[in-house]
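To keep things clear, I will list the structure first and then write my remarks on it.
None of the values given here were measured: they were computed from a predicted structure.
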Amino acid sequence: MADEVSDSDELPATPTRFAKEQPAVWEAYSDLGEACSEAGPLDDETKRLVKLALAVGAQSEGAVHSHVRRGLDEGHSAAALEHVATLAVPTIGFPKAMAARSWISDLTE
């Protein structure tokens, strides 16, 4: 799963600057992400969709964009990624799910 970012230049400007200014913190954060990813039996495709769903639920536009971008790079269809927002409707509500869908479509349309 491509969540382990080895090159901070692959990141948007703010986390890139943070990674360069606080390399020890960035490394610990990256290590935590890798350990969490390896801690259970989920396959990479499922992990990506779960992480997108968590970003949708947290209403984090940046994280939604990140996981959609990575999902597309990993071969997920736009329809599969958009389905995550549809699944969110009964849990987080129609307006929040539609906001997430718009963030997903920023990268899929």
[X] versus [Y], closest heavy-atom pair with distance:
X    : Y   : result
V84  : A53 : CG1-CA, 3.6 Å
K47  : S37 : NZ-O, 2.9 Å
A85  : A97 : O-CB, 3.4 Å
L107 : H65 : CD1-O, 3.3 Å
T46  : D43 : N-OD1, 2.7 Å
A80  : L49 : O-CD2, 4.4 Å

**OP:** Identify which one of L54, L81, I104 satisfies the side-chain contact (heavy atoms from CB on, under 4.5 Å) criterion when paired with V64.
**Re:**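 Among L54, L81, I104, the one that satisfies the side-chain contact (heavy atoms from CB on, under 4.5 Å) with V64 is I104.
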
Subject >> Side chain S105, main chain S102, donor-acceptor under 3.5 Å >> reply: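 The answer is yes, because a donor-acceptor pair under 3.5 Å joins these two groups.
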
Subject >> Polar side-chain atom of K51 near backbone of H67 as donor-acceptor pair, under 3.5 Å >> reply: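 Not a single qualifying donor-acceptor pair exists.
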
**OP:** Would you sort out whether E61 and D106 count as a side-chain contact (heavy atoms from CB on, under 4.5 Å), showing the intermediate values?
**Re:** CA-CA 10 Å; E61 182 177 2; D106 288 343; 4.0 Å; yes

Any side-chain heavy atom of [X] within less than 4.5 Å of one from [Y]?
X   : Y   : result
M98 : V89 : yes
D44 : E74 : no
H83 : T86 : yes

Original post:
Any link between L72 and L52 through a network of hydrophobic side chains (Ile, Leu, Val, Met, Phe, Trp, Tyr) touching at under 4.5 Å?
Top reply: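 Linked, L72 and L52 end up in one cluster.
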
Subject >> Heavy atoms from other residues, nucleotides or ligands near OH of Y29 exceed 12 (cutoff 6.0 Å) >> reply: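 No, the 6.0 Å shell around OH holds no more than 12 heavy atoms from other groups.
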
**OP:** Tell me, yes or no, whether the heavy-atom count around E27 atom CD, taken from other residues, nucleotides or ligands under 6.0 Å, exceeds 12.
**Re:**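 No.
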
Subject >> Euclidean distance, S30 OG relative to E34 CD, rounded to 0.5 Å >> reply: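 Separation between the atoms: 8.5 Å.
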
